[in-house]
**Student:** 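Got a structure here, written out as structure tokens. Questions coming.
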There are 2 protein chains.
Amino acid sequence: MATSRYSSQRAAILGNLQSRIDHPSADVIYTDIKKTMPTISLGTVYRNLQVLCDNGQVRKISFSDQIVHYDANMANHHHFVCKKCHSIYDIEISTFQNENIEHSVETVEVVYHGICNACQEK
Amino acid sequence: MATSRYSSQRAAILGNLQSRIDHPSADVIYTDIKKTMPTISLGTVYRNLQVLCDNGQVRKISFSDQIVHYDANMANHHHFVCKKCHSIYDIEISTFQNENIEHSVETVEVVYHGICNACQEK
DNA sequence: CTGACTGCAAAAGCTTTGCAGAGCC
DNA sequence: GGCTCTGCAAAGCTTTTGCAGTCAG
């Protein structure tokens with residue numbers, strides 16, 4: 001944050017993402033913001049999403065479609081992806097505990113992120 | 001596989017993936033196979049990996065790096081991704097039960113795949 | 001023979017980056 | 001005024017696709 005400066009573009013991007021419950025791609029955010037801020041460029045959207053990620057205000061999520069989706073909900077939660085319509089739903093952890101997911105789950109993918117043993121020893 | 005035909009290329013791709021414990025990208029598989037089968041093309045690798053996925057012999061896994069990784073281990077297991085060296089480790093479910101993962105986990109990402117309510121009702 | 005498969009190369013996404021100019025502090 | 005940020009456009013990467021020829025069954 002030390003070298004971060006306020007810009008209306010960055011505010012618009014964060015605001016847009018926080019007002020949504022879906023998990024848009026950079027391009028979807030860009031198209032949406034362009035309606036009210038016609039001069040914004042796609043490169044700016046990508047650059048700011050990266051900064052917001054580094055600042056911990058936004059997270060990237062990626063599924064099997066080679067597109068990075070963004071999520072401003074930083075609370076601990078899971079995701080459900082429909083293989084038919086490709087919608088992405090948030091799954092609250094409490095729901096998860098109850099095994100009470102309202103969709104038909106076929107497979108579960110779990111990915112841990114962190115620092116591996118080899119890197120820690122360096 | 002009604003309309004599937006044997007080809008040495010497909011066998012080489014599946015064999016290569018099954019002999020590995022890492023989770024290579026299509027390009028890594030291509031480069032590796034090219035050593036013993038110099039005429040194989042990258043397009044063929046992509047096409048066959050897709051077929052093998054459709055047949056349930058291989059699965060795609062994607063993390064936050066915009067590259068699709070392939071995994072021939074179809075048993076139920078999780079993955080650990082090192083944010084420093086980007087290595088991918090398999091995490092066996094039994095290990096998971098014991099919370100006995102040998103790396104330093106910072107975040108966990110859980111994604112369910114299936115058919116959502118809306119699509120089921122159609 | 002037939003039709004699925006291959007190699008090649010071009011095209012098609014999505015994302016990153018260089019540059020010159022603009023704007024926040 | 002300095003340094004970060006922006007818009008634009010080009011470049012970069014991964015992946016897909018069209019086509020004509022090849023090969024398994």
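Proteins come first, then strands; the chains are lettered A, B, ... in the order of their sequence lines, and each starts at number 1.
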**Student:** Closer to the 5' end of DNA chain C via nearest nucleotide, is it A/V68 or B/T39?
**Tutor:**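 Its nucleotide being nearer the 5' end, the pick is B/T39.
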**Student:** Side chain of A/A26 only, heavy atoms from C-beta on: which candidate in C/dT15, D/dG7, D/dT6 is closest?
**Tutor:**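 Shortest atom-to-atom distance from the side chain points to C/dT15.
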**Student:** For A/K60 and C/dT16, what is the distance between atoms NZ and C1' respectively, to the nearest whole Å?
**Tutor:** 11 Å
**Student:** From the list D/dA24, D/dC5, C/dT15, which nucleotide is the closest neighbour of the side chain of A/I67?
**Tutor:**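 The answer is C/dT15, which lies nearest to the side chain.
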**Student:** What is the distance, to the nearest angstrom, from the CZ atom on B/R10 to the P atom on D/dA24?
**Tutor:**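 Distance, rounded to whole Å: 13 Å.
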**Student:** Please give, in whole Å, the distance from D/dT4 C1' to A/N55 CG?
**Tutor:**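 A/N55 atom CG is separated from D/dT4 atom C1' by 14 Å.
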**Student:** Please check: side-chain N/O of A/Q66 versus main-chain N/O of B/V68, any donor-acceptor pairing under 3.5 Å?
**Tutor:**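 Pair absent, no side-chain N/O of A/Q66 close to backbone of B/V68.
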**Student:** Pick base, sugar-phosphate or nothing for B/Q50, based on heavy-atom distances below 4.0 Å to the nucleic acid.
**Tutor:**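 B/Q50: no heavy atom of the nucleic acid under 4.0 Å.
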**Student:** Select base, sugar-phosphate, or nothing to describe what B/D27 touches, counting heavy atoms under 4.0 Å on all strands.
**Tutor:**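 Result for B/D27 = nothing.
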**Student:** Between B/L52 (CG) and C/dA4 (C1'), how many Å, whole number?
**Tutor:**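 Taking CG of B/L52 and C1' of C/dA4, I get 15 Å after rounding.
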**Student:** Could you state the atom-to-atom distance from CG of B/L42 to P of C/dA10 in whole Å?
**Tutor:** 15 Å
**Student:** B/Y30 OH to C/dC8 C1': how many Å, rounded?
**Tutor:** 10 Å
**Student:** Check this one for me: any side-chain N or O of A/Q9 less than 4.0 Å away from OP1 or OP2 of D/dG7?
**Tutor:**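 Answer yes for this pair, as a side-chain N or O of A/Q9 is under 4.0 Å from OP1 or OP2.
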**Student:** How long is the line joining CD1 of A/I13 and C1' of D/dC5, in whole Å?
**Tutor:** 11 Å
**Student:** When you measure from the side-chain N and O atoms of B/S7 to the phosphate of C/dT6, is any distance below 4.0 Å, counting only OP1 and OP2?
**Tutor:**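 The answer is yes; a side-chain N or O of B/S7 sits under 4.0 Å from OP1 or OP2.
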**Student:** Quick one: does B/E109's side chain have a donor or acceptor within less than 3.5 Å of a partner on A/I61's backbone?
**Tutor:**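 Not a single qualifying donor-acceptor pair exists.
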**Student:** Please check if the side chain of A/H69 supplies one atom and the backbone of A/H23 the other of a donor-acceptor pair under 3.5 Å.
**Tutor:**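 Yes, because the side chain of A/H69 sits within donor-acceptor range (under 3.5 Å) of the backbone of A/H23.
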**Student:** What is the distance, rounded to the nearest whole Å, between atom NE2 of B/H69 and atom C1' of D/dC13?
**Tutor:**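 It works out to 13 Å between those atoms.
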**Student:** Going by atom types alone, do B/K84 and A/Q120 pair a side-chain donor with an acceptor below 3.5 Å?
**Tutor:** no
**Student:** If only side-chain N and O atoms of B/T44 are considered, is one of them under 4.0 Å from the OP1 or OP2 phosphate oxygen of C/dG7?
**Tutor:**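 Answer yes for this pair, as a side-chain N or O of B/T44 is under 4.0 Å from OP1 or OP2.
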**Student:** Is the distance between the ring centroids of B/Y89 and B/H103 less than 6.0 Å?
**Tutor:** yes
**Student:** Under 4.0 Å from OP1 or OP2 of C/dT15: is there any side-chain N or O of A/Y46 that close?
**Tutor:**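 So the side chain of A/Y46 is within the cut-off, an N or O lying under 4.0 Å from OP1 or OP2 of C/dT15.
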**Student:** Quick check on D/dT6: is either OP1 or OP2 less than 4.0 Å from any side-chain nitrogen or oxygen of A/R47?
**Tutor:** no
**Student:** Nearest-nucleotide wise, let me know which of B/N48 and B/Q66 is further upstream toward the 5' end of DNA chain C.
**Tutor:** B/N48
**Student:** Which part of the nucleic acid does B/I40 contact within heavy-atom distance under 4.0 Å: base, sugar-phosphate only, or nothing?
**Tutor:**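 Contact class for B/I40: sugar-phosphate only.
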